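Sequence lines set the chain letters: A, B, ... in the order given, protein chains first and strands last, and positions in each chain run from 1. Just so it is clear, the structure is predicted and the values come from calculations on it, not from any experiment.
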There are 2 protein chains.
Amino acid sequence: MKLIPRNTDYAVRAICYIAKKRPAVVSVAELVKKIKIPRPFLRKILQTLNSEGMLISYKGKGGGFRLARKPEAVYLTDIMEAFQGPFKLNECFFKRKICPDRNKCCLKKKIDSIERMVYRELRSITLGSVLRGH
Amino acid sequence: MKLIPRNTDYAVRAICYIAKKRPAVVSVAELVKKIKIPRPFLRKILQTLNSEGMLISYKGKGGGFRLARKPEAVYLTDIMEAFQGPFKLNECFFKRKICPDRNKCCLKKKIDSIERMVYRELRSITLGSVLRGH
DNA sequence: AAATAATGATACCATACTGGTATCATTTGT
DNA sequence: ACAAATGATACCAGTATGGTATCATTATTT
Ligand code: FES
Ligand code: FES
């Protein structure tokens, strides 16, 4: 029932820090010092964030990461999906056999509606809103 | 990000079947035949449902399980909590250090509100509503 | 009373997932 | 050339999930 695993959590912390330092390039070394996350794990996380287009990386001496988009354009759901795959709360309870018609199953409708609701709410959270504090 | 694991799912299927057969006593043997769930796993699940007060069990020949309460009084959240523990979607992202004041943290507020929302919606689903189909 | 058919309790097990480590290659600034 | 950074990738330990197996207990039937 955990909505947010560790890597997503770390990712949000890290990206927040990087966002605050905009437009500076932030190295893993600095991040490790500031927010306490195991270094190799954080590296992997940042690489993902980079490959998903939320960060831009700079190799070589003086390199590091900076935000690829405006904070307002970085949705929490993007970060979640980068680590947890497409947003899907659950498959349905009775697949076939028991529910005669899937399109009319009220249980499925309810669960689906909850999923949309959660998604919509999470979608309203952006890096920008977190930084601004509302 | 999975809201409902296998045992909860199985539990709902089983309890639905038992509810439909009310007030008859249903044996594991019958359940296994009707809904396809591995027998020992199903037994464990029914034992939990029994110990949580949602089913009443009868030992000995001709024994089995029947619903302990009216279907309207069996909430989906009860079943979920029986298998998944207390309803808690996630701990907060930045515990201390980063968020200066936990009570004012907007991110936490949002996530908490999502959690309450989901809970309220799930709470509106009872065995009764599922059986009636709305 | 014995046999049988049911659940109760509980210990065990295989696999997958989560969280994390380690290593080497590549790029860039000095 | 060297140092400082990330890229890519393979590996690993611990835990959770999903499931099995076994024996004890209880109730019915004969
Ligand atoms: S629960 Fe999936 S179709 Fe009814
Ligand atoms: S996210 Fe937990 S206090 Fe801000």
Counting the atoms with a prime plus P, OP1 and OP2 as sugar-phosphate, which does [X] contact under 4.0 Å by heavy atoms, base, sugar-phosphate, or nothing?
X	result
A:Gly63	sugar-phosphate
A:Tyr10	sugar-phosphate
B:Pro40	base
A:Pro38	sugar-phosphate

Inspect the contact between B:Arg116 and B:Asp112 and indicate whether a charged nitrogen and a carboxylate oxygen are less than 4.0 angstrom apart.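 So B:Asp112 does not pair with B:Arg116 through a salt bridge.
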Taking for each residue the nucleotide of DNA chain C with the nearest heavy atom, is it A:Lys59 or B:Gly60 whose nucleotide lies nearer the 5' end?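 The residue closer to the strand's 5' end, by nearest nucleotide, is B:Gly60.
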Without decimals, in angstroms, what is the distance between [X] [atom1] and [N] [atom2]?
X	N	atom1	atom2	result
A:Phe41	D:dA13	CZ	C1'	14 Å
B:Met1	D:dA16	CE	P	20 Å
B:Gln84	D:dT15	CD	P	21 Å
A:Glu91	D:dG18	CD	P	13 Å
B:Lys44	D:dT17	NZ	P	11 Å
B:Arg6	D:dA16	CZ	C1'	14 Å

Any side-chain donor-acceptor pair under 3.5 Å between A:Lys110 and B:Ser124?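 Yes, B:Ser124 and A:Lys110 have a side-chain donor paired with an acceptor closer than 3.5 Å.
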Report the C-alpha distance between A:Ile45 and A:Leu49 in whole Å, list the side-chain angles of each, state the deciding distance to 0.1 Å, and finish with yes or no for side-chain contact (heavy atoms from CB on, under 4.5 Å). CA-CA 6 Å; A:Ile45 288 166; A:Leu49 252 19; 4.2 Å; yes
Side chain to side chain, A:Asp9 and B:Phe93, heavy atoms closer than 4.5 Å: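 Of all side-chain heavy-atom pairs linking B:Phe93 with A:Asp9, at least one is under 4.5 Å.
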Are the side chain of B:Glu115 and the backbone of B:Lys88 linked by a donor-acceptor contact shorter than 3.5 Å?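 Answer holds: no.
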Is the backbone of B:Leu3 close enough, under 3.5 Å, to the side chain of B:Gln84 for a donor and an acceptor to pair up by distance?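 Yes.
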By nearest nucleotide on DNA chain D, pick out whichever of A:Lys61 and B:Lys2 is the more 5' one.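 That would be A:Lys61.
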With a 4.0 angstrom cut-off to heavy atoms of chain B, pull out the first and last contacting nucleotide of DNA chain C, in 5'-to-3' order.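 First-to-last contact on DNA chain C, by the 4.0 Å heavy-atom rule, is C:dA5 to C:dA9.
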Let me confirm one number: the SG-CG distance from A:Cys16 to A:Leu127, rounded to the nearest 0.5 Å.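 Here the rounded value is 5.0 Å.
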